[in-house]
Amino acid sequence: MSLKKRINEAATAAFVAAGLPEDTPTRLQWSARPEFGDMQINGVMGAAKQLKQNPRELAQKIVDQLDLEGLVTKAEIAGPGFINLHLENAAIVEESTKLLGDARLGLEFPETKECVVVDYSAPNLAKEMHVGHLRSTIIGDAVCRALEFKGHKVVRQNHIGDWGTQFGMLITELQQTHSQEELDAGISLSDLEGFYRKSKQHFDADPVFADLARTNVVKLQSGDPECRKLWKQFIDESLSHAEDIYQKLGVLLTKADVHGESAYNEDLKPVIAALVEAGIAVEDQGALVVYLDELADKEGNPSVVIVQKADGGFLYATTDLAAIRYRVNQLHATRCLYFIDARQSLHMKQIFVIGRKTGWVPANVEFEHCAFGTMMGEDGRPFKTRSGETIKLADLLDEAIERAQAVVAKKNPNLDKETQLEIGRAIGVGAVKYADLSKVRTNDYRFSWEAMLSFEGNTAPYLQYAGTRIHSLFEKAGEDLSSFSGAIQIDQPEERALALSIQRFSEVVDQMVDSTMPHELCTYLYDLSGKFATFYEACPVLKPDIEPQIRESRLALSALTSKTLASGLSLLGIQSLERM
RNA sequence: GCAUCUGUAGCUCAGCUGGAUAGAGCACCUGGCUUCGAACCAGGUGGUCGGGGGUUCGAAUCCCUCCAGGUGCGCCA
């Protein structure tokens with residue numbers, strides 16, 4: 001159990017002993033300022049208010065009951081009723097030593113293991129992946145990693161857009177640009193984006209083409225073998241492009257995680273039938289719609305969802321409902337996360353409400369829309385090229401990598417070319433991912449090459465750099481970083497601050513697993529790296545006049561920092577480096 | 001019109017379920033490399049937390065209202 005949890009248990013016990021109900025929040029937190037000690041209990045004032053007691057007197061009663069022998073040197077009452085705690089160095093040492101030998105760095109396994117279905121990335125396969133897919137892919141992936149590390153079962157779902165009217169257009173384009181022999185042999189498209197553009201142009205300009213396209217949609221959806229074959233080829237081709245991107249990004253999605261819109265085709269009619277039978281969907285102007293009083297506005301107008309078009313066609317609401325059933329019934333989800341653009345908030349709410357109304361979603365299964373904002377360019381408007389086109393993800397990553405490689409070549413010209421390129425990749429990709437992950441995901445975020453690759457402040461390179469310094473330290477010391485263990489002692493304030501920062505890792509991961517907000521981990525890792533930089537500056541390790549036990553202790557603290565940093569980065573899907 | 005999100009230092013952003021004197025980075029200024037990696041560190045300048053009310057021991061945080069901006073809103077996904 002972590003230091004904080006142990007102290008919190010003691011605080012709760014003292015609350016109870018002082019006559020407070022067991023569920024009174026202690027509001028134990030790390031102190032905002034050093035003069036307030038290491039931790040502070042803030043819950044006394046609130047409790048005193050409820051019981052109409054004098055907060056300082058209540059605080060005194062609690063302090064009298066507080067049994068923190070061996071953990072805390074003093075507990076003092078301050079201000080209107082804060083209790084400030086000063087931790088015992090020995091306790092910090094003991095806890096740090098434990099963490100050094102613990103691969104999970106203090107993170108406990110969950111009381112109940114959940115099955116978390118995570119919907120993320122979900123590119124539309126009609127087009128090439130662009131920057132709009134980046135946030136879902138990166139943030140979703142990081143949350144999956146954290147959930148798995150915590151010990152939950154994670155089922156990734158790449159809900160790709162592989163079904164819909166535009167595929168009729170694409171199939172027709174394929175037929176017109178490829179001979180039958182080529183089509184039989186299997187297609188290869190180097191420029192998916194251009195291919196889509198051309199087919200769209202033909203569709204708009206050529207009525208004959210457009211008719212063929214519409215016919216092909218119908219044929220495709222009714223299972224025509226030739227259309228299905230071409231469609232399948234196009235999907236495979238398009239998917240392999242996406243997989244190249246995943247590979248480059250270091251994202252864990254594979255083909256096995258793909259479960260696209262087309263997979264729900266068979267269940268669309270049953271979904272509609274069930275909605276109608278339950279009286280939830282009703283006819284309106286030829287279409288089938290669902291009215292939701294649960295989402296009515298202030299005047300009482302219900303929210304409306306169309307689940308089937310007047311022409312009998314289905315919409316993405318229908319597909320999403322089928323996906324809900326699949327995730328609950330087939331995947332046995334206990335928690336479902338959707339990493340989808342914030343602009344779809346209303347849609348997601350509607351789908352979830354319908355899932356509850358129909359009883360498809362049991363009360364004990366959670367559904368959460370993990371929304372994120374739009375990626376903006378440096379001008380504060382949606383991120384586009386100068387000519388107004390969306391930016392391909394492949395191009396964005398290539399540019400990031402090139403820029404990073406240039407910096408590596410400049411900063412560290414001694415490295416051989418191959419290593420420079422390798423490191424540049426890790427830094428460039430890491431910088432792009434971290435820039436995104438480190439912002440609160442629900443807000444729009446401004447993409448800036450300058451801020452991202454200046455490598456200063458709260459950036460991936462800063463964290464990676466901290467890691468390389470530790471590797472370098474161990475190399476110089478002639479010790480093995482990964483297996484190092486040594487007695488820790490705490491004398492200097494910088495050592496103490498570093499050790500305390502390390503204690504927080506497990507609670508931050510817990511917090512991130514709960515909130516699905518990776519920026520919380522980023523903020524923490526940046527703080528940790530900063531604490532290390534300060535320590536590294538103030539506390540020499542290998543200098544000749546350093547006593548052996550100090551050297552050992554500082555090496556141990558460094559090794560522990562390295563472990564924590566590397567674990568944190570890996571949860572974010574960012575590579576740690578030994579040199580850069 | 002309705003719904004929803006946002007407004008914090010010149011810029012980019014944190015601020016956890018209300019907690020003490022609102023924090024970082026960039027930029028700017030002052031220091032620190034003949035020995036552990038200076039892609040770094042120490043320090044400084046800089047804020048009516050959009051405006052106004054309210055709730056209370058205490059508000060950037062909760063409630064109301066106004067202002068400004070973004071996004072969404074029945075047959076695309």
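Just so we're on the same page: letters track the sequence lines, and every chain starts at 1.
- With P as the reference atom, B/A3 and B/G19 are 29 Å apart, rounded to whole Å.
- For A/Q350 and A/S303, the side-chain atoms include at least one donor-acceptor pair closer than 3.5 Å.
- Taking the six-membered ring wherever Trp is involved, the centroid distance between the rings of A/F339 and A/H369 does not fall below 6.0 Å.
- On the P atoms, B/C49 is 11 Å away from B/A22, given to the nearest whole Å.
- Residue-level contact check: A/K298 touches the backbone only, with heavy atoms under 4.0 Å from sugar-phosphate atoms and none from bases.
- Pairing partner, B/G25: B/C11, with both Watson-Crick or wobble hydrogen-bond distances short of 3.5 Å.
- No engagement by A/Q166 is indicated, since no non-hydrogen atom pair under 4.0 Å with the nucleic acid exists.
- Residue A/S345 is classed as having no contact, given no heavy-atom separation below 4.0 Å to the nucleic acid.
- Backbone-only engagement by A/H519 is indicated by non-hydrogen atom pairs under 4.0 Å involving sugar-phosphate atoms exclusively.
- A/Y536 comes within 4.0 angstrom of a base, heavy atoms only.
- Considering only residues two or more places apart in sequence or on other chains, A/T24 meets the side-chain contact (heavy atoms from CB on, under 4.5 Å) condition with A/F15, A/L20, A/P21, A/A47.
- Looking at heavy-atom distances under 4.0 Å, A/E261 makes contact with sugar-phosphate atoms alone, never a base.
- Of the P atoms belonging to B/A14 and B/U8, the separation is 11 Å, rounded to the nearest Å.
- In this structure, A/H259 has its ring center closer than 6.0 angstrom to the ring center of A/Y264.
- Toward the 5′ end of RNA chain B lies the nearest nucleotide of A/Q29, the other residue of the pair A/Q29 and A/A342 mapping further downstream.
- Residue A/G81 is classed as having no contact, given no heavy-atom separation below 4.0 Å to the nucleic acid.
- If you check every strand for non-hydrogen atoms under 4.0 Å, A/A466 touches nothing.
- Within the nucleic acid shown, A/P80 comes within 4.0 Å of at least one base atom, counting heavy atoms only.
- Summarising the base pairing, B/A60 is matched to no nucleotide, lacking a Watson-Crick or G-U wobble pair whose two defining distances lie under 3.5 Å.
- Note on A/C522: nothing from the nucleic acid sits closer than 4.0 angstrom, heavy atoms only.
- Among the heavy atoms of the strands lying under 4.0 Å from A/L473 is at least one base atom, whether or not backbone atoms are also near.
- Separation of the C1' atoms belonging to B/U65 and B/U55 is 15 Å when rounded to the nearest angstrom.
- Nucleic acid contact class of A/F36 (heavy atoms, under 4.0 Å, all strands): base.
- Between A/F535 and A/F532, the ring center distance clears the sub-6.0 Å criterion.
- Comparing the P positions of B/A9 and B/G15 gives an interatomic distance of 15 Å, to the nearest angstrom.
- Judged purely by distance below 3.5 Å, without hydrogens or angles, the side chains of A/T26 and A/N8 pair a donor atom with an acceptor atom.
- With a cut-off of 3.5 Å on both Watson-Crick or G-U wobble distances, the partner of B/C33 is given as none.
- For an aromatic pair to be called close, the ring centres must be under 6.0 Å apart, and A/H519 with A/Y434 fails this.
- Under the 6.0 Å cut-off for aromatic ring centres, A/F82 and A/F36 do not qualify, their centroids lying 6.0 Å or more apart.
- If you check every strand for non-hydrogen atoms under 4.0 Å, A/Q350 touches nothing.
- Comparing A/E578 and A/R441 by the nucleotide of RNA chain B that holds the closest heavy atom to each, the one mapping nearer the 5' end is A/R441.
- For the P atoms, the distance linking B/G7 with B/C28 amounts to 28 Å, nearest Å.
- Base orientation at B/G72 is anti, since its O4'-C1' glycosidic dihedral falls outside 90° of 0.
- Checked against side-chain hydrogen bond (donor to acceptor under 3.5 Å, both in side chains), A/Y120 has the following partners two or more places apart in sequence or in another chain: A/D141, A/R156.
- Taking the P atom of each, B/G23 and B/U35 are spaced 36 Å apart, rounded to whole Å.
- Under the Watson-Crick and G-U wobble criteria, each requiring two contacts below 3.5 Å, nucleotide B/C49 is left unpaired.
- Taking the C1' atom of each, B/A59 and B/G18 are spaced 6 Å apart, rounded to whole Å.
- No engagement by A/V305 is indicated, since no non-hydrogen atom pair under 4.0 Å with the nucleic acid exists.
- Scanning RNA chain B 5' to 3' for nucleotides with an atom closer than 4.0 angstrom to a non-hydrogen atom of chain A gives a first and last hit of B/C2 to B/A77.
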